[in-house]
Each structure stands twice: as C-alpha cells, then as structure tokens.
Protein chains: 2
Amino acid sequence: MGDHTPVGEFEQLVLLAVLQIGQGAYGVPIRREIEERTGRSVSRGAVYTTLDRLEGKGLLGSWLGEPTPERSGKAKRLYRVERSGITALKESRSALRSMWTGLEAMLGEL
Amino acid sequence: MGDHTPVGEFEQLVLLAVLQIGQGAYGVPIRREIEERTGRSVSRGAVYTTLDRLEGKGLLGSWLGEPTPERSGKAKRLYRVERSGITALKESRSALRSMWTGLEAMLGEL
DNA sequence: GAACGAATGTATACATTGTAGGCATTCAGG
DNA sequence: CCTGAATGCCTACAATGTATACATTCGTTC
C-alpha cells in the first residue's frame, strides 16, 4: 500500500498558512493567520517548532530576510512551501475527503 | 480564544470510519474501512490503541458484542460515536476548511 | 480431547507531533 | 546606557501515531 509521509494536524495548518500568506511569510503573520482563520490560540513556540520540523522534512524551505533590516527585532526568517509540501497537503485532504464522503448529509452541512 | 479539544489526524480517520460503518462497527471493519478509503495500510494495534484513547476522551462509546458469539475469536467490542465526537470532527473540518479557502484554485482541484 | 489455526482484543513500547514558556538577539527611542 | 518591542531559538514535556508481541476464545481436525 502507498507509503504515506505523515503530516500532522497542526503541521497542515502551518503549511496552509504559509501558502495563504505567499510572499513574506514568517513566524508572526503565520501565527496570526492560523489564529484568525481557525479561531484558536497558538503559542509562538508551537509555530516555530513546527516550522523547523517541516523544514527538516523538506516540506518547507526558508531563508533570512533583509541582512540589514530597517526595523527592530531579529532578522525575519521567511518561508515557502516546497513541492513535497503541496503533495503532502493534497494527500491529507484527499484521505479526509474519502472518509467524509456521504457523512455531510447525516451530520449537517455545517 | 476558543478552548480547542485537539483531535489528531488518525483519530479523525477512526471516528469517521465508525460513522461510515454505523451499526456493528468494531476493530476489524474499522481498520478495513480506513485502508480501503485512504489507500494506506494501518496496523491492527494502531486502530485499537486509538479506539481506546478516543473512548477515554469520551468521543466514542463501546460495549461488548454477543455474550455467546456463534463464531471464533474473542467477543467483538462495538463502537459508536458520541455527540462530542461529532462536534470534534466538525470543528477539525471547519478549521481545515478555513485554512484551505482560496487555495484550491491555486493548487488544482484534485 | 489435545492440538491447531483463525478472529479478536489487550498490553507494551517507542517514535513523532503538539504545545508552551523562557532565553537570546537586534534595533529604535528616550 | 537602559528599556521595550519584534523576532527567533532552545528546552522540556504531553499527546498522538504506530507497530509488535501476547492473550483469549472457539471451531475443526485427527
């Protein structure tokens, strides 16, 4: 049976947030995107740890922002979703869809 | 922000499998349902452990099947999804949907 | 009726993910 | 300088994912 690169629940949210933001995705807005869209609060640490792990798996790529940022704070680390990240997201969604098929009616659309 | 009862990826699959099967959902068919629909293989142990945990959280309820089963094997333990299980599933789906909004076009429908 | 095998469930163990809190770094402004 | 805001990283522990091995029950076979 298919191998299956496991992608956790929260990891999916992070990958999707990076996609939603597009250019200029880094820790702070990624966190905000998740909190605003899902309505649940997330710690900064949770986000950074997950970003690290996703990069480790090759699903995300990152680089440092402006070498001499005209603002406060450490240099931003920017992220983008790699091809394999997209694939993983699609697979997860596909699996969930198959399992949901036919149940929407029974449980109510929303 | 909302509390959030976390439900893992695999836990969702198990809950959904129980719903799909309806009456007479127990370990073996639950496992088969997941494997057939998602195309990924799962060990028996993974299924039973997850069923236990979901029951512990109150998302699933269980009882033993026929006291004198007319067949081989131990008595089947049957499961049903509780109200809280349905709620958890809907919340997970809702969060994922919000995060996906607008990305389908970009990534292709399937 | 003892031994075997199929169907099921349970126990145990370890890897991966989820999640938070605190420490470190950089720069603007008093 | 010192302080505060904006970021990122480190560390630790809880929850979930996942597999292997063990136990129980009953029909079948010799």
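By convention in this document, chain letters (A, B, ...) are assigned in the order of the sequence lines, proteins followed by strands, and residues within each chain are numbered from 1. No hydrogens, no waters, no symmetry mates; every other heavy atom, side chains included, goes into these values.
Between Glu9(B) atom CD and dT17(C) atom P the separation is 11 Å, expressed in whole Å. Look at CG on Leu64(A): it is 14 Å from P on dT7(D), rounded to the nearest Å. Distance CG (Leu51(B)) to C1' (dA11(C)): 15 Å, rounded to an integer number of Å. Rounded to an integer number of Å, the gap from CD1 of Ile30(A) to C1' of dG8(D) is 12 Å. Rounded to whole angstrom, the span from the CD1 atom of Ile34(B) across to the P atom of dA19(D) amounts to 12 Å. Distance Phe10(B) CZ to dT16(C) P: 17 Å, rounded to the nearest Å. Lys76(A) has its NZ atom 9 Å from the C1' atom of dA6(D), to the nearest Å. Per the geometry, CD belonging to Gln12(B) stands 13 Å off P belonging to dT18(D), to the nearest Å.
Between the side chain of Gln12(B) and the backbone N or O of Ala88(B) there is no donor-acceptor pair closer than 3.5 Å. A donor-acceptor pair is defined here as one N or O able to donate and one able to accept, closer than 3.5 Å; no such pair exists between the side chain of Gln20(A) and the backbone of Ala17(A).
Geometrically, Arg93(A) engages Trp100(B) in a cation-pi contact, judged by NZ or CZ lying under 6.0 Å from the ring centre and within 45° of the ring axis.
You'll find that the side chain of Lys74(A) is closest to dT25(C), out of dT19(C), dT25(C), dA23(D). In this structure, the nucleotide among dG8(D), dT17(C), dT8(C) sitting nearest to the side chain of Glu11(A) is dT17(C). Each of dT18(D), dT19(C), dG9(C) was ranked by its minimum atom distance to the side chain of Ala46(B); first place goes to dT18(D).
Between the base of dG8(D) and the side chain of Arg44(A) there is a donor-acceptor pair shorter than 3.5 Å.
Between Val81(B) and Leu59(B), the closest side-chain pair of non-hydrogen atoms is not below 4.5 Å.
Note on Arg32(A): every side-chain N or O is 4.0 Å or more away from OP1 and OP2 of dA6(D). One finds no side-chain N or O of Arg31(B) lying less than 4.0 angstrom from the OP1 or OP2 phosphate oxygen of dT8(C).
In this structure, Tyr48(A) reaches the bases: a heavy-atom distance under 4.0 Å links it to at least one base atom across the strands shown. Residue contacts shown for Gly27(B) are limited to sugar-phosphate atoms, with no base heavy atom under 4.0 Å away.
For the pair Thr49(A) and Tyr26(B), nearest-nucleotide mapping onto DNA chain C gives the more 5' position to Tyr26(B). Each of Leu78(A) and Arg53(A) has a nearest nucleotide on DNA chain D; the 5'-most of these lies closest to Leu78(A).
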* **Pair Thr50(A)-Glu11(A), side chain to side chain donor-acceptor pair (under 3.5 Å): steps then yes or no** => CA-CA 6 Å; Thr50(A) 302; Glu11(A) 290 183 326; over 6 Å; no

